[in-house]
K.L.:
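Can you keep this structure in mind? I'll have questions shortly.
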Amino acid sequence: GIAIRAGLLKQDDPDELPLTQERGMLRMSMGFAWEWLVAHQNPQMVHQPGEIVRGGIAMNPDGVTWMRDIVLPAEVEARGARGLLVEESKCTWLSARRDLRYKWIWMAQAQAYCRAVGTQWVRFHVCYVNGDYRGSGPIYMVFWVQFTQQELDTTWALIRRNAGAQ
């Protein structure tokens with residue numbers, strides 16, 4: 001994919017194991033279970049709202065929520081957040097000490113979803129299976145990310161240029 005060709009993702013990334021491998025299937029199943037749990041803990045979320053197609057590219061966000069229906073963190077409200085919020089659930093073996101913004105594939109996916117539904121906001125619900133790798137055990141963290149319109153448009157242009165490329 002795009003991230004491998006650009007050198008942003010290694011083919012042996014532990015979060016991107018081929019799904020034909022037993023471990024890959026187990027990790028995928030854990031991810032679906034995490035998504036289900038997040039959706040049921042957030043009743044205002046429209047879980048799996050359906051396929052969205054833009055420019056011939058199909059996307060399936062984990063969920064969307066109207067921000068008017070939830071209590072926003074003060075710093076998010078202060079930035080004028082309104083409208084739809086994209087909801088993404090991630091179950092990962094990365095360390096919780098790693099900055100989420102460096103997970104390029106998550107950011108690009110979220111940017112595409114945001115652009116498709118007309119928002120600049122995504123809320124990531126991340127389960128760090130191994131926590132901080134310092135004995136913490138699993139850690140659940142929530143990240144609110146606001147993208148600029150330029151970020152959304154730039155990523156969308158990259159996706160469009162690479163659509164169908166193998």
K.L.:
For Asn130, what residues pass the side chain to side chain donor-acceptor pair (under 3.5 Å) criterion, not counting sequence neighbours?
P.N.:
Tyr133

K.L.:
Nearest 0.5 Å please: distance from the CG atom of Asn42 over to the CG atom of Leu37.
P.N.:
9.0 Å

K.L.:
Mind listing the side-chain donor-acceptor pairs of residues 134-146 below 3.5 Å, one per line with the distance, residues two or more places apart or on another chain?
P.N.:
{"residue": "Ser136", "atom": "OG", "partner": "Asp132", "partner atom": "N", "Å": "3.0"}
{"residue": "Ser136", "atom": "OG", "partner": "Asp132", "partner atom": "OD1", "Å": "3.1"}
{"residue": "Tyr140", "atom": "OH", "partner": "His125", "partner atom": "ND1", "Å": "2.8"}
{"residue": "Gln146", "atom": "OE1", "partner": "Arg79", "partner atom": "NE", "Å": "3.2"}
{"residue": "Gln146", "atom": "OE1", "partner": "Arg79", "partner atom": "NH2", "Å": "3.2"}

K.L.:
Just verifying a value: how many Å separate Leu85 CG and Ile70 CD1, rounded to the nearest 0.5 Å?
P.N.:
5.5 Å

K.L.:
Cut-off 3.5 Å, side chains only: do Gln109 and Lys90 have a donor facing an acceptor?
P.N.:
yes

K.L.:
Would you give the length of the straight line joining atom OG1 of Thr65 to atom CH2 of Trp121, rounded to the nearest 0.5 angstrom?
P.N.:
14.0 Å

K.L.:
Will you find, in the side chains of Ser89 and Glu35, an N or O donor that is under 3.5 Å from an N or O acceptor?
P.N.:
no

K.L.:
What pairs of donor and acceptor atoms, side-chain ones from residues 51-61 against any protein atom, are under 3.5 angstrom apart with sequence neighbours left out?
P.N.:
{"residue": "Arg54", "atom": "NE", "partner": "Ala116", "partner atom": "O", "Å": "3.3"}
{"residue": "Arg54", "atom": "NH2", "partner": "Ala116", "partner atom": "O", "Å": "2.9"}
{"residue": "Asn60", "atom": "OD1", "partner": "Glu51", "partner atom": "N", "Å": "3.4"}

K.L.:
Identify the heavy atoms of Tyr128 and Arg98 that sit nearest to each other, and give their distance.
P.N.:
OH-O, 4.3 Å

K.L.:
Report the C-alpha separation of Lys103 and Leu94 in whole Å, then their side-chain angles, then the decisive distance to 0.1 Å, and conclude whether the side chain to side chain contact (heavy atoms under 4.5 Å, CB included) test is met.
P.N.:
CA-CA 10 Å; Lys103 187 66 175 166; Leu94 294 172; 3.8 Å; yes

K.L.:
Going hydrophobic residue to hydrophobic residue with side-chain gaps under 4.5 angstrom, can you get from Leu26 over to Trp93?
P.N.:
yes

K.L.:
Check whether Met67 and Val122 end up in the same hydrophobic cluster, where Ile, Leu, Val, Met, Phe, Trp and Tyr are linked by side-chain heavy atoms less than 4.5 Å apart.
P.N.:
no

K.L.:
Not counting sequence neighbours, which residues clear salt bridge (Lys or Arg N to Asp or Glu O under 4.0 Å) with Asp99? List them please.
P.N.:
Arg101

K.L.:
Determine whether Cys114 and Gln120 satisfy the following criterion, side chain to side chain contact (heavy atoms under 4.5 Å, CB included), listing intermediate values before the conclusion.
P.N.:
CA-CA 6 Å; Cys114 285; Gln120 294 178 316; 6.0 Å; no

K.L.:
Who passes side chain to side chain contact (heavy atoms under 4.5 Å, CB included) against Trp66, sequence neighbours left out?
P.N.:
Arg68, Asp69, Leu84

K.L.:
Around atom CD of Gln150, are there more than 12 heavy atoms from other residues, nucleotides or ligands closer than 6.0 Å?
P.N.:
no

K.L.:
About how many Å separate CD of Gln111 and OG1 of Thr155, when rounded to the nearest 0.5 Å?
P.N.:
3.5 Å

K.L.:
May I have the step-by-step check of side chain to side chain contact (heavy atoms under 4.5 Å, CB included) for Cys91 and Val129, ending in yes or no?
P.N.:
CA-CA 7 Å; Cys91 184; Val129 174; 3.6 Å; yes

K.L.:
Under the side chain to side chain contact (heavy atoms under 4.5 Å, CB included) rule, what do Trp106 and Glu88 come out as? Steps first, then yes or no, please.
P.N.:
CA-CA 9 Å; Trp106 292 2; Glu88 277 299 301; over 6 Å; no

K.L.:
Using the side chain to side chain donor-acceptor pair (under 3.5 Å) criterion, which residues pair with Thr119? Sequence neighbours excluded.
P.N.:
none

K.L.:
Establish whether Trp34 and Val64 are linked, either directly or via other cluster members, by ILVMFWY side-chain heavy-atom contacts under 4.5 Å.
P.N.:
no

K.L.:
Nearest 0.5 Å, please: how far is CG in Asp153 from CG in Leu158?
P.N.:
12.5 Å

K.L.:
Say whether Leu152 and Ile105 are linked into one hydrophobic cluster, either directly or through other cluster members, by side-chain heavy-atom distances under 4.5 angstrom.
P.N.:
yes

K.L.:
Hey, could you give me the NE2/CH2 distance between His47 and Trp36, rounded to the nearest 0.5 Å?
P.N.:
10.0 Å

K.L.:
Among the clusters formed by ILVMFWY side chains lying less than 4.5 Å apart, do Val38 and Phe124 turn up in the same one?
P.N.:
no

K.L.:
Which heavy atom in Met45 sits nearest to a heavy atom in Asp62, and how many Å separate them?
P.N.:
SD-O, 4.4 Å

